[in-house]
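Atoms considered below: every heavy atom in the structure, side chains included; atoms not considered: hydrogens, waters and symmetry mates. We're numbering straight along the sequence, starting at 1.
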Amino acid sequence: MRLVVDLTRCQGYGQCVFAAPEVFRMRGDEALLYDPNPSDERREKVLRAAAACPTQAILLDHRPDEAAAAVQQQATKPAGDVERITIVGASLAGLRAAHALRREGFRGALTVIGDEPYEPYDRIPLSKQVLIGMVPATHTVLPRADGLDVDWRLGQAAVGLDRRGRRVVLAGGDEVDFDRLLIATGVRARPWPNHDEAALTGVYTVRNRDDSAGLRQRLAAEPAHVLVIGAGFIGSEVASDCRDLGLPVTVVDHGPAPLAGALGGAVGRVAAQMQRQAGVDLRCSTSVTALEGDREGRLRRARLSDGTTLDVDVAVVALGAQRNVEWLHGAGLAAGPWGVASDAGCRAFDVNGVVTDDIFVAGDVARFPHPAYDYQFMALEHWRNAFDQAEIAAHNMIGNGSDRWAHLALPVFWSSQFGTEIKSIGVPTFADEVVVAQGSTAERRFVAVYGRRGRITAAVTFDQGMWLEHYGQLIAQAAPFPPQARTVDQPPSRQPVPAEIHEASPFQATVVLTGHQPSERTAVLVA
């Protein structure tokens with residue numbers, strides 16, 4: 001059995017934050033770093049710690065005994081017409097779905113397609129431990145079970161989908177047939193918009209293994225000044241890594257505060273104080289207008305919207321992500337910059353809004369409705385969401401219609417930066433108010449609870465992760481906002497303030513409708 005401890009559930013015991021057997025603690029609470037050959041002593045130590053610490057274990061794969069397997073297969077009853085399943089996307093969601101399919105009794109042909117040549121690996125350490133040199137990028141490979149019986153098509157990008165013929169077209173011209181298809185192509189880093197400037201030596205993004213390996217090598221050479229463009233979670237983590245390495249770093253963001261797009265301006269101001277106290281030159285409500293290089297094509301300076309210039313030799317572009325949907329152009333699915341639309345059971349919508357029965361979506365590329373948030377469609381770039389959604393999709397791909405599951409888990413994410421563990425449950429951007437329910441923002445050890453129309457919608461903790469599950473239960477129960485119950489470490493005043501959520505989704509689907517009769521009326525996606 002291989003497992004990973006779900007660190008979002010950890011109760012905050014500083015020395016007993018562990019993962020298991022292939023995962024071990026390096027620093028911070030998010031050290032999901034993999035050791036494919038742990039010693040017996042390490043394995044025993046981690047398993048003892050996991051049993052002692054009140055965490056939830058995530059099973060990456062397991063081999064149940066024959067009796068348990070028979071019960072599982074009988075409960076699932078894989079559909080008899082499903083003989084070939086293809087998964088496009090060889091990262092966490094794709095690998096997790098492959099494990100779940102085999103565990104639930106699917107014995108047909110299983111193909112996993114990935115555009116990178118590497119085995120599935122974890123992206124969490126790439127902007128954390130990899131950049132500070134605690135582990136090489138090559139050591140982030142996710143555990144793969146022997147005997148999974150998968151046809152791996154790695155380094156072969158999908159470039160087209162023939163829905164009618166049930167075929168995925170690969171870049172080399174090969175075609176892969178399917179009875180069921182899982183789209184798990186995830187996202188990629190949004191590049192610097194000026195192509196020539198993006199090509200300067202010293203300009204980086206952080207999304208895949210090669211990105212992190214290259215940036216790590218450059219940071220190890222001790223550049224004179226690092227510029228981080230964007231103060232979301234990736235940009236803030238990179239800035240934290242630079243300060244851990246003793247490097248001067250400037251962070252530029254067009255928003256009012258770091259993390260404001262995800263957590264709102266009220267909590268973002270706490271993150272701003274945290275960065276400045278750590279020595280970051282933070283420039284908010286500012287943007288980079290140009291990157292300039294020397295005659296050899298090496299980055300030398302950046303021009304800002306306030307008229308100032310910065311001498312820099314490394315720039316990390318952290319402007320968010322783009323969903324990998326281009327290969328679906330013309331396939332007739334509701335796919336665009338927002339992702340691939342699906343129902344709560346992970347079944348993809350076609351462009352007319354009709355649910356498909358043979359195409360499913362999971363992970364960062366999926367856009368799905370959540371009942372707890374007015375059935376609004378949301379796309380989540382979270383490790384835990386990809387993990388959980390992949391299992392739901394796998395179950396529904398081979399199950400009977402009456403046995404379908406819904407993906408109803410509350411979104412959870414975490415970040416480790418500037419010596420602080422930031423964790424969240426729910427959707428902070430759905431709220432209009434926030435209150436500090438426990439702890440102190442001055443000490444950066446607190447719980448911020450978010451609310452909308454008198455109900456709790458999310459909670460964010462700074463070094464108070466032990467309370468995350470408690471507030472998750474309140475969200476699930478639609479508990480009143482602000483929280484009514486008295487708690488430990490309660491501040492003198494719990495007066496809600498505006499959450500200052502300013503950023504709405506910039507992506508809108510534009511369609512034209514054709515035909516007049518019900519039999520001929522259809523929608524055509526134009527933007």
Side-chain angles (χ1 to χ4, degrees), residues 8 230-233 235-236 253-276 282 284-285 320 370-382 385 410-415 417 420-465 467-468 470-485 487 489-507:
T8 63
F233 281 101
S236 296
D253 191 270
H254 71 278
L259 312 181
L263 306 182
V267 174
R269 283 191 288 275
V270 180
Q273 296 172 359
M274 182 170 66
Q275 292 202 15
R276 290 189 171 111
L282 178 62
C284 294
S285 300
H370 200 297
Y373 298 99
D374 291 352
Y375 294 93
Q376 289 190 16
F377 280 78
M378 59 181 66
L380 303 172
E381 298 168 31
H382 301 159
N385 179 72
L410 291 173
V412 175
F413 74 82
W414 64 87
S415 176
Q417 50 186 271
T420 300
E421 305 296 343
I422 303 173
K423 300 182 179 182
S424 171
I425 190 165
V427 183
T429 54
F430 187 74
D432 50 28
E433 291 186 297
V434 64
V435 64
V436 175
Q438 296 175 244
S440 165
T441 57
E443 298 176 1
R444 293 204 302 272
R445 183 177 176 84
F446 64 92
V447 180
V449 180
Y450 293 73
R452 176 182 174 91
R453 296 198 298 266
R455 297 295 179 187
I456 296 175
T457 63
V460 172
T461 67
F462 279 50
D463 280 345
Q464 288 278 31
W467 290 102
L468 212 64
H470 167 71
Y471 286 100
Q473 292 173 352
L474 295 182
I475 297 168
Q477 297 165 4
F481 176 87
Q484 304 298 310
T487 56
D489 200 18
Q490 185 171 311
S493 173
R494 292 202 294 181
Q495 181 64 36
V497 299
E500 300 178 37
I501 306 294
H502 298 294
E503 295 190 9
S505 172
F507 302 121

Student: Quick one: which residue pairs count as a salt bridge (charged side-chain N to carboxylate O under 4.0 Å, His left out) with a foot in residues 444-453, not counting sequence neighbours?
Tutor: Asp374-Arg453
Student: Applying side chain to side chain contact (heavy atoms under 4.5 Å, CB included), name anything that partners Ala272, two or more places apart in sequence or on another chain.
Tutor: Pro258, Arg276, Leu282
Student: Work out which heavy atom in Ala476 is nearest to a heavy atom in Leu410; give both atom names and the distance.
Tutor: N-CD1, 4.3 Å
Student: Hydrogens and angles aside, do Ser415 and Gln417 bring a side-chain donor and acceptor to less than 3.5 Å of each other?
Tutor: yes
Student: Measure from the side-chain N and O atoms of Tyr471 to the backbone N and O of Val460, and report whether any donor-acceptor pair falls under 3.5 Å.
Tutor: no
Student: Taking the side chain as C-beta and beyond, is there a heavy-atom pair between Pro498 and Glu433 under 4.5 Å?
Tutor: no
Student: Who pairs with Glu500 by salt bridge (Lys or Arg N to Asp or Glu O under 4.0 Å), at least two apart in sequence or on another chain?
Tutor: Arg269
Student: Give the ring-plane orientation class for Phe446 versus Phe462, where under 30° counts as parallel, over 60° as perpendicular and anything between as tilted.
Tutor: parallel
Student: Minimum heavy-atom separation for Ala266 and Val434, please, with both atom names.
Tutor: CB-CG1, 3.9 Å
Student: Give a yes or no answer on whether the side chain of Gln273 reaches the backbone of Val270 with a donor-acceptor pair at less than 3.5 Å.
Tutor: no
Student: Hey, which of Ile425, Asn385, Val427 is the one that makes side chain to side chain contact (heavy atoms under 4.5 Å, CB included) with Pro411?
Tutor: Val427
Student: Where do Gly255 and Cys284 come nearest, in terms of heavy atoms and distance?
Tutor: O-CB, 3.4 Å
Student: Under the side chain to side chain contact (heavy atoms under 4.5 Å, CB included) rule, what do Gln464 and Asp489 come out as? Steps first, then yes or no, please.
Tutor: CA-CA 11 Å; Gln464 288 278 31; Asp489 200 18; 3.7 Å; yes
Student: Starting from the C-alpha separation in whole Å, work towards a yes-or-no answer on side chain to side chain contact (heavy atoms under 4.5 Å, CB included) for Trp414 and Thr461.
Tutor: CA-CA 9 Å; Trp414 64 87; Thr461 67; over 6 Å; no
Student: Give, for atom NE2 of His470 and atom CD1 of Ile475, the distance between the pair rounded to the nearest 0.5 Å.
Tutor: 10.5 Å
Student: Evaluate the side chain to side chain contact (heavy atoms under 4.5 Å, CB included) criterion for residues Leu259 and Ile422: first the C-alpha distance (whole Å), next the side-chain angles of each, then the deciding distance (0.1 Å), finally the verdict.
Tutor: CA-CA 11 Å; Leu259 312 181; Ile422 303 173; 4.0 Å; yes
